[in-house]
Amino acid sequence: MAKKTEPEYLLRIYPHLDERTNENSIVLAIETLEIFTSFRYEILLEDKREGNTIELKIVGLHAPAMLMPGKGPARGSRSYTGLKGRYAIRINKMDKEINEFQVEFTSKKIKILDNPNKSFIIARVDPLEVTKA
C-alpha cells in the first residue's frame, strides 16, 4: 500500500490592490499548515514565470531578522501583474516533489480548475489572514 501524502502547505491565490501605486496584482502566498510557536518564519521562494506557467520553488525557511516571539505558520509570497486566462501554477518542494494546479484568471474571479491527486499543498482562492504577533 502506498504511503498517503498529507498536505504540508496551503497555497492562497488572491487579488491585491497596492494602495500606494493603485496597481492590481495577483498574490500567490504559500504558508505551512504547521503552526510555529516561537517565531513567525518566512518561507524562502524562488519563482519563474514563462508564458502561462508560474513556478514557485520552496528553498527553505528563514528566521525573522528581529527575533520577536510570535505564533503562526511560516509564509512566503510572490505578486504578479497581467494574469489573464489559464495558467499552470507549479509548486516545487525542497525534496523535488512537484504539484501543479490549473488556474483561470478573469477580471471578475480566480478559479482553480484542476488539483493534483496526491498533493502536499492545498490551493484556495482566499487572502491570507494577517494576525498581529
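No experiment lies behind these values; they were computed from the predicted model shown. Counting from 1, the numbers follow the sequence of the chain as shown.
Residues satisfying the side-chain contact (heavy atoms from CB on, under 4.5 Å) test with Thr37, not counting sequence neighbours, are none. Shown here are the side-chain contact (heavy atoms from CB on, under 4.5 Å) partners of Lys84, two or more places apart in sequence or in another chain: there are none. Applying the side chain to side chain donor-acceptor pair (under 3.5 Å) test to Glu100 and every residue at least two apart in sequence or in another chain returns Arg90, Gln102. Qualifying ring-ring contact (aromatic ring centres under 6.0 Å, His included) partners for Phe36, counting only residues two or more places apart in sequence or in other chains: Tyr41. By the side-chain contact (heavy atoms from CB on, under 4.5 Å) test, Asn22 is found to be paired with Leu17, residues two or more places apart in sequence or in another chain being considered. Residues forming a side chain to side chain donor-acceptor pair (under 3.5 Å) with Ser25 (at least two apart in sequence, or on another chain): Ser79.
For residues 101-115, there are no salt bridge (Lys or Arg N to Asp or Glu O under 4.0 Å) pairs, not counting sequence neighbours. Residue pairs meeting the ring-ring contact (aromatic ring centres under 6.0 Å, His included) criterion with at least one member in residues 81-119, sequence neighbours excluded: Tyr87-Phe105.
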Name every donor-acceptor pair, under 3.5 Å, that has one atom in a side chain of residues 50-62 and the other anywhere in the protein, sequence neighbours excluded.
{"residue": "Asn52", "atom": "ND2", "partner": "Arg86", "partner atom": "O", "Å": "2.8"}
{"residue": "Glu55", "atom": "OE2", "partner": "Asn92", "partner atom": "ND2", "Å": "2.4"}

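In this model, no donor atom of one side chain and acceptor atom of the other lie less than 3.5 Å apart for Asn99 and Tyr9.
Taking a 4.5 Å side-chain heavy-atom cut-off between Ile, Leu, Val, Met, Phe, Trp and Tyr, the cluster of Leu10 extends to Leu33, Ile122.
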Begin with the C-alpha distance, continue with both residues' side-chain angles, and end with the deciding distance and a verdict on side chain to side chain contact (heavy atoms under 4.5 Å, CB included) for Tyr80 and Asp47. CA-CA 11 Å; Tyr80 302 93; Asp47 70 323; 2.8 Å; yes
